[in-house]
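So you know, we letter chains A, B, ... as the sequences are listed, proteins then strands, and number each from 1. Since the model is a prediction, treat every value here as computed from it, not as a measurement.
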Number of protein chains: 2
Amino acid sequence: MSVSVREVAALAGVSVGTVSNVLNRPDKVTEATVVRVREAIEQLGFVRNDAARQLRAGRSRSIGLVVLDAGNPFFTDLARGAEARALRDGLAVLLGNSDEDAERERSYLELFEEQRVAGLLITPVGHVVPRLERLRERGTPTVLVDRQAENATFSSVAVDDVAGGHMAVSHLVEIGRRRIAFVGGPAGIRQVSDRLEGARRALAEHSTVTIEVIETESLTVLQGRAVGEAIRARPKSERPDAIFAANDLLAVGLLQGLMILSDIRVPEDIALIGYDDIAFASSSVVPLSSIRQPSALIGSTAVDLLLREAATTGDFAHEQVVFQPELIVRASTSTTVASSDE
Amino acid sequence: MSVSVREVAALAGVSVGTVSNVLNRPDKVTEATVVRVREAIEQLGFVRNDAARQLRAGRSRSIGLVVLDAGNPFFTDLARGAEARALRDGLAVLLGNSDEDAERERSYLELFEEQRVAGLLITPVGHVVPRLERLRERGTPTVLVDRQAENATFSSVAVDDVAGGHMAVSHLVEIGRRRIAFVGGPAGIRQVSDRLEGARRALAEHSTVTIEVIETESLTVLQGRAVGEAIRARPKSERPDAIFAANDLLAVGLLQGLMILSDIRVPEDIALIGYDDIAFASSSVVPLSSIRQPSALIGSTAVDLLLREAATTGDFAHEQVVFQPELIVRASTSTTVASSDE
DNA sequence: CGCCGATTATGATACGTTTCACCCTAACGC
DNA sequence: GCGTTAGGGTGAAACGTATCATAATCGGCG
């Protein structure tokens, strides 16, 4: 059925070893032979079998990336950054979408483990550290993405979410808001709890400000819309005067839920700030204030760390990279400014 | 280094064949033996080597999916649909992003071919038919996605883009627009040319309406913004009174480019309609009219066709599924209606 | 002309799994 | 008690590649 090196070798009148050399180290083979083998390959339509190659090599040329939500532009940008960086070293990136679900996460880890990936990038949901440690023992380096490793036992690249939460809420307070709602969840997700923690710290500096936490099942537009509608249904006096959403998807959904068929004005009645600064944030109904993260840079840096860790034999080289987020103010939190966007 | 079935077998005191049976057909093995083997697996931390498995099987348990733009929600939704359907048959989906670039597309095809994927889903950019035919000869079925196969030589699942283009422009004409601009590109992409074709047909029915084609390099927010700014820079009299964007990403960008620091009103001065109806369309500055496609359904149907084709031995079973798009009217094309959204 | 080193080519081997033809044993029917 | 059968288990073979020790070839030089 399938064409193998053996048949190529036969047609070209050389040994299989030579064919392999043409494929992998053409400089070690005479020009004339190279040509002859290449012709045979062409003629037979030979395509190298990656499974055999991997089996022999003991390791694949791919790295696995498990993200929380492949539909979130923040993660697609991150993936794009990772892919570009990996490509420079001839590595492919396998993308897995855990959808914030520990079970799905586990099944992707299993898949990647069976594939003997060259490395693993993950934004963890469940309790995966033991599994990751097992992987490491096998020689598969792991880098935690968008999440700081608590005990420096893994390399990680993250953005300071506590600082980001602090920024967001400080900003809301500065524009005069006092009844703030935090919308996000599930609470088990580190990014969410850190952003909330930052928000709380900002509050601690202003005793007159209160915060209400509204937990969601996931960080999606749909969930945001549901919460928005719930808030809209409240009597005016019980509504917050500002909302800090744990990400932009929620914020966009909130905007829909709050404004549709409603007299609520954003930001006049309720100011709104999101997180991630996805490309759509600047063009939503009311352009969205947000906390910007360098998504593509996170991805490429993660691959960088991964490769560095893979190259190091002594395994005490765990690096923790932490980027600082940036406040982007747009119309959703500014009554006066005519946002000039970017 | 790595643990193999052999060592598991040794520890459990059985043969390798039995271990394999426990892994793949546990019902064929005595309960007691199963337990013993499972314990050995656990104890040694054995993880099945997928490369060896594939090598033996001759085929992988993954299907490849090559899309035009992994950052476009239309395609992430499509991918999600495909993944969910594939999972039901125990298949993984490998996602490749061609970024509308023939070279990248080629390299993903090569990768998938080397991986001996069980099947291929592709939204083609370049001239890939010969390569796909070669794949088919090898026994790898292919389904064209979001693109009708011209000569019924491949299975395909698509949406009638000509009809969609017709819908969009008919709608613009109906609300009284006469100077229409079509924004999209590159022209080589079938979806773009079909939508334009549909637009032209709609025009043919109204001799007083003119169309201007503005070609873009890609279908992204950035490109849309650039075109929007170019239109904004024109003298008022030379601006179109309606724009049909080849997808929502462009439309969102156009919205940004047209409205920022500008007195142009949408839809009063320029009506705007996009294509795909991504989740963000309903929550943009001006909620966007669009042509809706059943993205997840396209993905799952494509996998369906793929599996059906893979099951068929006689190879004359190419099916062409064509869905009809749906016009979604929102504020960007309606001066009067206070959009009730969904 | 013969020797040597360098350059090329060879081909057996191993990677870890699944499969399949075969063996063993115990139970069953007659 | 013997033949038959079925259920469990065995282990060698094969999948297609890369590697590496070995062999062949060549050119140059003494």
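The one candidate from Leu109(B), Leu65(B), Leu135(B) that meets the side chain to side chain contact (heavy atoms under 4.5 Å, CB included) condition with Ile122(B) is Leu109(B).
Contacts between residues 53-64 of chain A and DNA chain C, counted as heavy-atom distances below 4.0 Å, involve Leu55(A), Arg56(A). Heavy-atom distances under 4.0 Å link DNA chain C to no residue of residues 111-120 of chain A. Taking every heavy atom of residues 22-40 of chain B and every atom of DNA chain C, pairs under 4.0 Å involve Asn24(B), Arg25(B), by number.
Between Val125(A) and Asp101(A) there is no side-chain heavy-atom pair separated by less than 4.5 Å. Annotation: side chain of Arg61(B) is not in contact with side chain of Gln54(B) (no heavy-atom distance under 4.5 Å).
Ser4(A) comes within 4.0 angstrom of sugar-phosphate atoms only, judged by non-hydrogen atoms across all strands, and of no base. Within 4.0 Å of Arg48(A), counting heavy atoms only, lie sugar-phosphate atoms of the nucleic acid but no base atom.
Atom CG in Asn21(A) sits about 17 Å away from atom P in dT22(D), given to the nearest Å. Asp50(A) places its CG atom 10 Å from the P atom of dT17(D), with the value rounded to the nearest Å. In this structure, CZ of Arg6(A) is placed 12 Å from C1' of dA18(D), rounded to the nearest angstrom. Residue Glu7(B) contributes atom CD, which lies 10 Å from atom C1' of dG16(C) at whole-angstrom precision.
Using a 3.5 Å distance cut-off with no hydrogens or angles, the side chains of Glu114(A) and Asn49(B) do not pair a donor with an acceptor. With 3.5 Å as the limit, one finds no donor-acceptor pair spanning the side chains of Gln115(A) and Ser60(A).
The backbone N or O of Asp77(B) lies less than 3.5 Å from no partner atom in the side chain of Ser295(B), so there is not a single donor-acceptor pair. Judged purely by atom type and a 3.5 angstrom limit, Ser98(A) uses its side chain to pair as donor or acceptor with the backbone of Val67(A). Within the 3.5 Å criterion, the main-chain N or O of Ala70(A) finds a donor-acceptor partner in the side chain of Asn97(A). Between the Thr301(B) side chain and the Leu297(B) main chain, a donor and an acceptor come within less than 3.5 Å of each other.
The side chain of Thr18(B) sits closest to dT10(D) out of dG16(D), dT19(C), dT10(D).
Figure legend: cation-pi geometry between Arg136(B) and Phe154(B), with NZ or CZ positioned under 6.0 Å from the six-membered ring centre and within 45° of its axis.
Applying the side chain to side chain donor-acceptor pair (under 3.5 Å) rule to Ser15(A) yields the partners Thr18(A); only residues at least two apart in sequence or on another chain are considered. A search for salt bridge (charged side-chain N to carboxylate O under 4.0 Å, His left out) contacts involving Arg53(A) returns Asp50(A), not counting sequence neighbours.
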Working note: Glu83(A) + Arg104(B), criterion salt bridge (Lys or Arg N to Asp or Glu O under 4.0 Å); need CA distance, chi angles, decisive distance, verdict.
CA-CA 12 Å; Glu83(A) 195 205 357; Arg104(B) 287 182 53 112; 3.1 Å; yes
Dot-bracket, DNA chain D: Watson-Crick or G-U, under 3.5 angstrom, [ ] crossing, | other strand?
||||||||||||||||||||||||||||||
